[in-house]
Amino acid sequence: MKLIKKVLTAAVATAMTAGAAQAAITDNEVRIGYLADMSGTYRDLAGPNGLEALRMAVEDFGGTVKGKKIVVMNADDRNSPDVASSTVRQWLDSDKVDMVAGLVASSVTIAATKVLNGSDAIGLVNGSAASSITNEHCSPNHIHWAYDTYPLANSTASAIVAEGGKNWFIVTADYAFGHSLESDVRTVVEREGGKIVGTVRHPLATSDFSSYILQAQASGAQVVGFANAGGDTVNSVITAGEFGLAQSGQTVAALLFFLTDVHALGVKTAQGIQLVTGWYWDKDKEARAWSDDFYKRTNARPSMVHAGIYSSTMHYLKAVETTGSDNAKIVRAEMAKNKVNDMFTKGGYIREDGRMVHDMYLAQVKTPAESKNPWDLYKIIRTIPADSAFRPLSESNCSLVKK
């Protein structure tokens with residue numbers, strides 16, 4: 001009996017030791033890697049200001065978790081999936097990174113999350129749009145935070161079709177994000193009784209959109225939709241204006257239009273364009289207060305991506321503090337257990353597929369007469385409730401979703 005008791009005691013002690021080790025903060029530091037386009041087409045979308053939002057979260061949290069220092073490193077992914085894969089692999093193997101933030105181009109994010117899958121680290125995706133990131137490309141090691149192509153297509157396209165814009169021509173960025181957005185738009189347009197009369201795809205960071213806009217113009221489509229982002233969207237809208245698409249009666253739909261894009265164009269050029277966003281800096285008192293702090297550091301107002309980076313980082317750090325662990329499985333479970341209530345959203349929650357579900361907003365770019373300053377850019381037309389904004393789990397192909 002004594003021997004059995006000793007064996008059981010030893011087994012319990014071993015199990016407790018293993019559990020404690022699993023729940024510990026490894027290497028006595030919480031290490032965060034910020035991976036984003038720091039110099040190319042998507043620089044303004046996240047870039048250096050996204051890194052600043054991350055640093056704000058770390059500072060506001062106090063710089064430590066459970067007495068362990070929070071360390072931030074960063075890298076330029078150069079919009080290359082290969083660069084992303086090798087960077088994340090080095091971070092995991094050599095630098096023992098616990099969380100990867102940023103993650104902008106969808107092709108980059110998909111490559112990075114494949115490396116993260118099965119590791120002890122987690123990725124918090126804010127810049128990427130492809131809804132496939134929490135659909136066929138879902139994993140236990142990443143969470144998609146700010147927005148995705150599903151609400152962009154569902155809300156923007158359905159609103160335009162309802163107003164009579166039945167026939168569409170789509171100019172698409174030729175990689176994962178563009179393909180996903182084009183597919184989601186096609187689904188919505190056809191569901192609402194419309195038709196895609198033509199598409200054309202362009203490489204990332206295209207400098208001359210003339211040939212693509214000419215094809216869109218020649219198609220006779222009522223609506224020309226831009227399934228691209230960042231500098232590509234800005235250049236698309238400018239070229240459409242130069243060719244007089246709106247003046248000839250075609251509706252221009254920028255399907256992913258960021259605050260930074262509108263600011264770059266100015267309200268005179270962008271006025272009247274409708275768009276869907278996950279957040280707006282002037283939407284309420286709490287958002288304005290945080291945005292004022294951001295502005296003091298960057299001389300710019302934050303986009304939904306910058307706000308999402310701050311929000312997701314704070315939620316992650318709170319989970320690390322509560323659990324005393326930086327293990328991806330433990331931290332993700334704690335993050336999913338608690339609602340997101342901060343300057344980004346109220347009542348947000350993380351689903352089993354890794355989608356953070358929250359309200360989205362249909363906005364319209366103000367006219368020059370309505371805009372009071374260079375960053376006073378949007379009118380919020382309506383709120384899209386969280387549970388109807390994102391792809392329902394009943395339509396999910398994510399392997400983590402129980403059917």
Side-chain angles (χ1 to χ4, degrees), residues 41-47 49 147 151-152 155-157 159-160 162-165 171 207-210 212-213 216-217 221-285 287-307 360-384:
T41 302
Y42 296 149
R43 183 184 188 278
D44 290 341
L45 196 158
N49 283 353
Y147 71 105
L152 300 180
S155 299
T156 309
I160 292 173
E163 292 173 5
V171 179
S207 58
D208 185 358
F209 279 86
S210 299
Y212 308 115
I213 299 302
Q217 193 171 43
Q222 294 169 296
V223 183
V224 177
F226 295 131
N228 49 21
D232 285 335
T233 303
V234 170
N235 289 332
S236 297
V237 173
I238 290 172
T239 308
E242 291 172 348
F243 279 81
L245 264 64
Q247 289 87 338
S248 62
Q250 291 179 297
T251 297
V252 174
L255 296 161
L256 179 54
F257 213 27
F258 289 96
L259 185 80
T260 46
D261 301 332
V262 179
H263 182 261
L265 286 167
V267 292
K268 186 176 180 180
T269 300
Q271 61 182 303
I273 291 178
Q274 289 191 359
L275 59 112
V276 172
T277 185
W279 183 84
Y280 180 49
W281 73 267
D282 201 23
K283 74 182 182 75
D284 57 37
K285 184 178 180 180
R288 282 192 295 275
W290 182 80
S291 299
D292 287 344
D293 290 340
F294 183 90
Y295 187 85
K296 290 173 186 175
R297 299 170 68 124
T298 65
N299 199 37
R301 291 295 182 182
S303 70
M304 64 172 164
V305 174
H306 302 132
M360 297 285 288
Y361 304 93
L362 181 64
Q364 186 172 41
V365 179
K366 291 184 174 182
T367 65
E370 293 169 328
S371 179
K372 298 175 183 176
N373 61 67
W375 290 100
D376 180 26
L377 300 173
Y378 293 172
K379 293 184 291 187
I380 301 298
I381 298 172
R382 66 183 177 91
T383 298
I384 307 163

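What you are looking at is a predicted structure, and each value in this text was computed from that prediction instead of being measured.
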Give the intermediate values and the outcome of side chain to side chain contact (heavy atoms under 4.5 Å, CB included) for residues Gln250 and Gln222.
CA-CA 5 Å; Gln250 291 179 297; Gln222 294 169 296; over 6 Å; no
Pair Tyr280-Met304, side chain to side chain contact (heavy atoms under 4.5 Å, CB included): steps then yes or no
CA-CA 6 Å; Tyr280 180 49; Met304 64 172 164; over 6 Å; no
Got Trp279 and Val305 here, is their nearest side-chain heavy-atom distance under 4.5 Å?
no
Specify the closest pair of heavy atoms between Ala300 and Phe294, including all atoms of both residues, with the distance to one decimal.
O-CD2, 3.2 Å
Non-neighbouring partners of Phe257 that pass ring-ring contact (aromatic ring centres under 6.0 Å, His included), sequence neighbours left out
none
Looking at OG1 of Thr251 and CD1 of Ile273, how far apart are the two atoms once the value is rounded to the nearest 0.5 Å?
10.5 Å
Should the pair Trp375 and His263 be assigned to parallel (<30°), tilted (30 to 60°) or perpendicular (>60°) ring geometry?
parallel
Side-chain atoms of residues 227-247: list all donor-acceptor pairs with protein atoms under 3.5 Å, sequence neighbours left out, distances to 0.1 Å.
residue : atom : partner : partner atom : Å
Asn228  : OD1  : Thr233  : OG1          : 2.8
Asn228  : ND2  : His202  : NE2          : 3.1
Asn228  : ND2  : Ser236  : OG           : 3.0
Asp232  : OD1  : Ala205  : N            : 3.3
Asp232  : OD1  : Thr206  : N            : 3.1
Asp232  : OD2  : Ala205  : N            : 3.1
Thr233  : OG1  : Asn228  : O            : 3.0
Thr233  : OG1  : Ala229  : N            : 3.0
Asn235  : ND2  : Gly231  : O            : 3.2
Ser236  : OG   : Asp232  : O            : 2.7
Thr239  : OG1  : Asn235  : O            : 2.7

Tyr42 side chain near Phe258 side chain, heavy-atom distance below 4.5 Å
no
According to salt bridge (Lys or Arg N to Asp or Glu O under 4.0 Å), does anything in residues 292-305 pair up with another residue at least two apart or in another chain? List the pairs.
Glu52-Arg297, Glu59-Arg297, Asp292-Arg301
Exercise: identify the closest heavy-atom pair between Tyr361 and Gly278:
CE1-O, 3.8 Å
Checking side chain to side chain contact (heavy atoms under 4.5 Å, CB included) for the pair Ile384/Val276: CA distance, chi angles, key distance, verdict?
CA-CA 9 Å; Ile384 307 163; Val276 172; 4.2 Å; yes
All heavy atoms of Asp261 vs all of Leu256, minimum pair found to be OD2-O, 4.2 Å
Going by the rule salt bridge (Lys or Arg N to Asp or Glu O under 4.0 Å), which residues pair with Lys366 if we only count those two or more places apart in sequence or in a different chain?
Asp376
Given side chains that start at C-beta, do those of Val267 and Val365 come closer than 4.5 Å, heavy atoms only?
yes
Quick one: pull up CG in Leu255 and OG1 in Thr156 and give me the separation to the nearest 0.5 Å.
6.0 Å
Output all residues satisfying side-chain contact (heavy atoms from CB on, under 4.5 Å) with Gln274, sequence neighbours left out; order by chain, then residue number.
Ala159, Glu163, Leu362, Gln364, Ile381
When you measure from the side chain of Tyr378 to the backbone N and O of Leu259, does any donor-acceptor pair fall under 3.5 Å?
yes
Apply side chain to side chain contact (heavy atoms under 4.5 Å, CB included) to Ile213 and Phe226, showing your working.
CA-CA 10 Å; Ile213 299 302; Phe226 295 131; 3.7 Å; yes
Closest approach of Ala46 and His306, non-hydrogen atoms and distance?
O-NE2, 3.3 Å
Mind jotting down which residue pairs meet the salt bridge (Lys or Arg N to Asp or Glu O under 4.0 Å) criterion with at least one end in residues 263-285? Sequence neighbours excluded, please.
Asp282-Arg288
